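Single-structure report; data block below.
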Protein chains: 2
Amino acid sequence: MKDKRKIPKPVIKRMGLYYRCLNKLYEEGIEYVASKDIAARLGIKSSQVRKDLSYFGEFGKRGVGYNVDQLMKKLEDIIGVNKIWNVIVIGAGNIGTAIVNYPGLKKEKFNIIGVFDADRSKVGKKLGKLSVTHFSELEKFFNKNIVDLVVLAVPENAAQMVVEELEKYNIKGIINFAPIKLRTKIPVEDVDITLSFKSLVFRIEREIK
Amino acid sequence: MKDKRKIPKPVIKRMGLYYRCLNKLYEEGIEYVASKDIAARLGIKSSQVRKDLSYFGEFGKRGVGYNVDQLMKKLEDIIGVNKIWNVIVIGAGNIGTAIVNYPGLKKEKFNIIGVFDADRSKVGKKLGKLSVTHFSELEKFFNKNIVDLVVLAVPENAAQMVVEELEKYNIKGIINFAPIKLRTKIPVEDVDITLSFKSLVFRIEREIK
DNA sequence: TAATTATTGTGAGTAAGTTCACAATTGAAT
DNA sequence: ATTCAATTGTGAACTTACTCACAATAATTA
């Protein structure tokens, strides 16, 4: 591993993919795997797999491949899945509800500990084990709980205002479902599902690969 | 516009962003806009905006900017928002339900015309105006309806089997929420929300920008 | 009319990301 | 022990994407 190199952003997304792939291999009882096989399962090139992993260390054995169990554990450290992240969801509409109910997040150690909404008619509504709290209770909640991440699932016109409120607290990042660019110093990851639809449609219409 | 150039994939995603931005400008009553202003709203460089647009034509006026209304209409043609897309959702779990109820899609001309699930206990459940149909009715449905896109919101272990079923029909694309690589000739757009969480967490932990 | 200011469109230059290609290593077979 | 086949890790080449910088153009002002 040549150190100090900056890790390309796409590598980061692929690490999660590799981790999931290794999990499956482990469940299938496979002990050693070659970059070629991982690549085939993910539909990418084997050289990509090797280079990506090489940013973090030398995990393989030449002529043999990677020990599934061992590499899995390395990836756990790298992508930090072992740490439990406390998450609150702001906005209890369709997206907020789906996030709270989505079992995949819990499985990956994202622990949802609160749901907030500004709409009084939604307050008290049960979502799994949680019930919706009014947005005005946010400060009280932050005083009593450690919150790492906030899922922002509010309407577009409310998003920037909520972010400004969030800046008062000490959160580590925001997953933003509102289709606007948030102005903030807090790290933000934007998620936009309609863009995925549009992107697909564009490819279909233009036959661009 | 220099023609025949292949359009970079990231440009395609940004076109949707530009369109949405233009809509807002239009609503705000702004008649002309400079690439610099669009860029500022989206948090990117103005040269990027101009170059992206230049793949499709020359829409601006030097020294003045772009006519909002006019550019909006051009973008409509380019990204094909004017066409209505018929969509079915397979899988009526959390994600499937959220997709069906998500008003953003309807607004963008993605028209959900059916929801299917293999779980008999879900069949008949009302989701907005639609009710869940059993997966075995799929063929009958395809015989009576034109379906452009399929949203795949089934568990990971069912996804590949569903895709093989879908290959019998003449659909144009798949939005895949299952965390696996689908083996198919049909154009697929993968959506993975847990990857967004992981990517954010990775950035937070490593301070990589 | 000439100067001034604003802004586009794009070729050329950078930067980022991917793939190639091969020496180095490992284990198995002869 | 030697050969053979498999596979890694990585520098170098290549490809893709982004940014710069400036000529060209348009509107405004003097």
Side-chain angles (χ1 to χ4, degrees), chain A residues 1-15 17-18 21-22 25 30-68 70-71 74-75 78 199 202-203 206 208-209, chain B residues 1-15 17-18 21-22 25 30-68 70-71 74-75 78 199 202-203 206 208-209:
Chain A
M1 176 185 49
K2 210 164 88 184
D3 224 339
K4 282 291 157 52
R5 274 180 300 189
K6 172 153 134 297
I7 293 151
K9 267 179 279 200
V11 173
I12 298 168
K13 287 232 159 171
R14 284 193 298 267
M15 296 311 281
L17 250 31
Y18 298 149
C21 183
L22 268 285
L25 290 162
I30 293 165
E31 207 176 338
Y32 275 87
V33 66
S35 58
K36 173 162 70 58
D37 302 324
I38 297 174
R41 285 178 180 235
L42 301 175
I44 60 179
K45 292 252 156 74
S46 69
S47 55
Q48 179 103 74
V49 174
R50 294 198 301 280
K51 173 133 294 202
D52 286 354
L53 293 175
S54 81
Y55 286 106
F56 301 96
E58 302 187 13
F59 306 121
K61 210 187 261 182
R62 287 159 195 243
V64 181
Y66 301 88
N67 177 294
V68 171
Q70 214 170 286
L71 181 55
K74 291 283 185 188
L75 290 184
I78 292 165
S199 181
F202 187 95
R203 269 162 55 208
R206 300 236 158 191
I208 281 160
K209 70 135 212 133
Chain B
M1 176 184 46
K2 211 165 87 183
D3 225 341
K4 283 289 156 56
R5 275 179 302 186
K6 173 152 133 298
I7 292 150
K9 268 181 284 218
V11 173
I12 297 168
K13 286 234 159 169
R14 283 194 298 268
M15 295 310 281
L17 249 33
Y18 298 150
C21 182
L22 268 284
L25 290 163
I30 293 164
E31 206 175 339
Y32 275 88
V33 66
S35 57
K36 174 162 69 60
D37 301 324
I38 297 174
R41 284 178 179 234
L42 300 175
I44 60 179
K45 291 252 157 75
S46 70
S47 55
Q48 179 100 72
V49 174
R50 294 197 302 280
K51 173 132 293 197
D52 286 354
L53 293 174
S54 81
Y55 286 105
F56 302 95
E58 303 188 10
F59 307 121
K61 209 188 260 182
R62 288 160 195 242
V64 181
Y66 302 87
N67 178 294
V68 171
Q70 217 170 284
L71 181 57
K74 290 284 185 189
L75 290 185
I78 293 165
S199 180
F202 187 96
R203 270 163 54 205
R206 298 238 158 190
I208 283 160
K209 73 140 206 119

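Nothing here was measured: the structure is a model prediction, and the numbers come from that model. In the text below, chain A, chain B and the rest are named by the order of the sequence lines, each starting its count at 1.
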Tell me which donor-acceptor pairs under 3.5 Å the side chains of residues 60-68 of chain A have, and how far apart each pair is, sequence neighbours excluded?
from	atom 1	to	atom 2	distance (Å)
A:Asn67	OD1	A:Asp69	N	3.1
A:Asn67	OD1	A:Gln70	N	2.8

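A 4.5 Å side-chain heavy-atom check between B:Leu53 and B:Leu75 finds at least one atom pair inside the cut-off. Side-chain atoms of A:Ile38 and A:Leu22, non-hydrogen and from C-beta on, do get closer than 4.5 Å to each other. Residues B:Glu31 and B:Leu25 have side chains not in contact (no heavy-atom distance under 4.5 Å, counting atoms from C-beta outward). Between B:Phe202 and A:Ile78 there is a side-chain heavy-atom pair separated by less than 4.5 Å.
Residue A:Ile12 holds its CD1 atom at 13.5 Å from CG of A:Leu17, rounded to the nearest 0.5 Å.
A sub-4.0 Å separation between OP1 or OP2 of D:dA27 and a side-chain N or O of B:Lys61 is present. The phosphate of D:dA26 has neither OP1 nor OP2 within less than 4.0 Å of any side-chain N or O from B:Tyr32.
Residue A:Lys13 contributes atom NZ, which lies 13 Å from atom P of C:dT18 at whole-angstrom precision. The distance between atom OH of B:Tyr55 and atom C1' of C:dG9, rounded to the nearest whole Å, is 12 Å. Note: CD1 (B:Ile7) to P (C:dT10) measures 14 Å, nearest angstrom. Spacing between atom CZ of A:Phe56 and atom P of D:dG9 amounts to 14 Å, rounded to whole angstrom units. In this structure, the CG atom of A:Leu53 is 17 Å from the P atom of C:dG17, given to the nearest Å. In this structure, the NZ atom of A:Lys45 is 18 Å from the C1' atom of D:dT8, given to the nearest Å. Atom CD in A:Glu58 sits roughly 11 Å away from atom P in C:dT26 (whole-Å rounding). If you take NZ of B:Lys51 and C1' of C:dT8, they are 13 Å apart, rounded to a whole angstrom.
Considering only residues two or more places apart in sequence or on other chains, A:Asp52 meets the side chain to side chain contact (heavy atoms under 4.5 Å, CB included) condition with A:Val11, A:Arg14, A:Tyr18, A:Gln48, A:Tyr55. Under the side chain to side chain contact (heavy atoms under 4.5 Å, CB included) criterion, A:Ser47 pairs with A:Lys45, A:Arg50, not counting sequence neighbours.
The side chain of B:Pro10 approaches D:dA17 more closely than any other nucleotide in the set C:dT18, C:dG27, D:dA17. Nearest to the side chain of B:Pro8, among C:dG17, D:dT8, D:dA17, sits D:dA17. Taking every side-chain heavy atom of B:Gln48 into account, D:dT19 is the closest of D:dG9, D:dT19, C:dT18. The side chain of A:Arg14 sits closest to C:dT18 out of D:dT8, D:dA26, C:dT18.
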Are any protein N/O atoms closer than 3.5 Å to N/O atoms in nucleotides 22-25 of chain D? If there are, list each pair with its distance.
from	atom 1	to	atom 2	distance (Å)
D:dA24	N3	B:Arg62	NH1	3.2

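Around the NZ atom of B:Lys74, the shell of radius 6.0 Å holds no more than 12 heavy atoms that belong to other residues, nucleotides or ligands.
Rounded to 10 degrees, the angle separating the terminal axes of the helix from C:dT1-D:dA30 to C:dT30-D:dA1 is 10°, with each axis obtained from five end pairs.
Along DNA chain C, the nucleotide nearest A:Ser47 and the nucleotide nearest B:Asp52 are compared for position; the residue whose nucleotide lies closer to the 5' end is B:Asp52.
Within residues 33-43 of chain A, the residues having any heavy atom closer than 4.0 Å to DNA chain D are, in order of number, A:Ala34, A:Ser35, A:Lys36.
Minimum heavy-atom separation, A:Cys21 to A:Arg41: SG-CD, 3.8 Å.
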